[in-house]
Engineer: 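My structure is below; once you've seen it, I'll send some questions.
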Amino acid sequence: MSEKEIEHPAQPQQAQTTEVVVDDSSTLPSYSNFCRVTATPEEVILDFGLNPQPFATGRQDVKANQRIVMNFYTAKRLLTALGMTIQRHEGTFGSIELDVRRRATGAPQQPVAYPQPPRPGSHNVVE
């Protein structure tokens, strides 16, 4: 065979789309008002639970009832998806005030400044 017979003209690359279909028929919903975020050098760990008195002072014992462990790539995709979801919600319904005292008194809402992602190895709790 000659080289001309082996060569094939370059085919144009077609854009391929991926469709992910999620079967959530056996998923059990649960509510959480508490999330602890921890990490190892390889994974992000999210512990979810219910804090029955989220605005109490002093020691509060919260039982984590769900733990999600993911790699940092999935965690970053989750961060992006949550950010886009919150932006869409605030664009429709207005700013989400995190300070309960401002929500209770109806004080004017300040523009939301979302925190920077935590430094590796830091422990963050979200309520």
Side-chain angles (χ1 to χ4, degrees):
M1 262 185 199
S2 70
E3 282 187 38
K4 281 194 165 206
E5 292 173 356
I6 296 174
E7 290 179 16
H8 298 284
Q11 297 291 327
Q13 293 290 330
Q14 294 180 355
Q16 294 184 3
T17 60
T18 302
E19 179 182 7
V20 177
V21 179
V22 177
D23 177 8
D24 61 359
S25 61
S26 62
T27 301
L28 298 174
S30 60
Y31 177 79
S32 173
N33 66 354
F34 175 88
C35 180
R36 177 179 62 185
V37 179
T38 56
T40 70
E42 297 174 354
E43 298 164 326
V44 175
I45 303 158
L46 304 174
D47 289 324
F48 294 95
L50 183 62
N51 184 352
Q53 299 178 333
F55 305 111
T57 57
R59 180 185 169 121
Q60 297 179 45
D61 294 325
V62 176
K63 180 169 176 41
N65 53 24
Q66 295 287 324
R67 174 172 285 170
I68 307 294
V69 181
M70 63 185 75
N71 61 48
F72 278 92
Y73 299 98
T74 302
K76 190 165 184 176
R77 287 190 291 270
L78 175 62
L79 175 66
T80 301
L82 287 173
M84 289 172 27
T85 301
I86 291 170
Q87 283 181 338
R88 223 176 5 250
H89 179 86
E90 289 183 330
T92 303
F93 301 104
S95 179
I96 299 170
E97 177 56 63
L98 295 179
D99 185 340
V100 69
R101 293 171 296 224
R102 286 191 184 147
R103 286 195 313 250
T105 62
Q109 296 179 355
Q110 301 295 323
V112 177
Y114 292 102
Q116 295 296 319
R119 293 186 309 270
S122 65
H123 301 284
N124 294 309
V125 173
V126 178
E127 289 192 62

Engineer: Who passes salt bridge (Lys or Arg N to Asp or Glu O under 4.0 Å) against Asp24, sequence neighbours left out?
Structural biologist: none

Engineer: Running the 4.5 Å side-chain criterion over Ile, Leu, Val, Met, Phe, Trp and Tyr, what cluster does Ile45 land in, apart from itself?
Structural biologist: Val69

Engineer: Applying side-chain hydrogen bond (donor to acceptor under 3.5 Å, both in side chains), name anything that partners Arg88, two or more places apart in sequence or on another chain.
Structural biologist: none

Engineer: Testing the basics here: between Gly49 and Asn65, what is the closest heavy-atom pair and its distance to 0.1 Å?
Structural biologist: CA-OD1, 3.9 Å

Engineer: Taking transitive links into account, so neighbours of neighbours count too, which hydrophobic residues share a cluster with Val21 at under 4.5 Å side-chain distance?
Structural biologist: none

Engineer: For the atom pair NE2 (His89) and OG1 (Thr92), what is the distance rounded to the nearest 0.5 Å?
Structural biologist: 8.0 Å

Engineer: Do Gln66 and Ser32 make a side-chain contact, defined as non-hydrogen atoms from C-beta onward lying under 4.5 Å apart?
Structural biologist: no

Engineer: Filter on salt bridge (Lys or Arg N to Asp or Glu O under 4.0 Å), then keep only pairs touching residues 44-60, sequence neighbours left out; what's left?
Structural biologist: Arg36-Asp47, Asp47-Arg67, Arg59-Asp61

Engineer: How would you list, by chain and number, every residue that makes a side-chain hydrogen bond (donor to acceptor under 3.5 Å, both in side chains) with Asp99, sequence neighbours excluded?
Structural biologist: Arg101

Engineer: Are Tyr31 and Phe48 connected, step by step, through hydrophobic side chains (Ile, Leu, Val, Met, Phe, Trp, Tyr) whose heavy atoms are closer than 4.5 Å?
Structural biologist: no

Engineer: Thr27: what forms a side-chain hydrogen bond (donor to acceptor under 3.5 Å, both in side chains) with it, not counting sequence neighbours?
Structural biologist: none

Engineer: Please tabulate, for side-chain N and O atoms in residues 70-79, each donor-acceptor pair with protein atoms closer than 3.5 Å (sequence neighbours left out).
Structural biologist:
| unit_1 | atom_1 | unit_2 | atom_2 | d |
| --- | --- | --- | --- | --- |
| Asn71 | OD1 | Tyr73 | N | 3.0 |
| Asn71 | OD1 | Thr74 | N | 2.7 |
| Asn71 | OD1 | Thr74 | OG1 | 3.1 |
| Thr74 | OG1 | Arg77 | NH2 | 3.3 |

Engineer: Just jot down the side chain to side chain contact (heavy atoms under 4.5 Å, CB included) partners of Ala56, sequence neighbours excluded, or say none.
Structural biologist: Gln53, Gln60

Engineer: Working to the nearest 0.5 angstrom, can you tell me the gap between Ile96 CD1 and Arg103 CZ?
Structural biologist: 10.0 Å

Engineer: How is the hydrophobic cluster of Phe93 composed, in terms of its other members, when Ile, Leu, Val, Met, Phe, Trp and Tyr link through side-chain heavy atoms under 4.5 Å apart, directly or indirectly?
Structural biologist: none

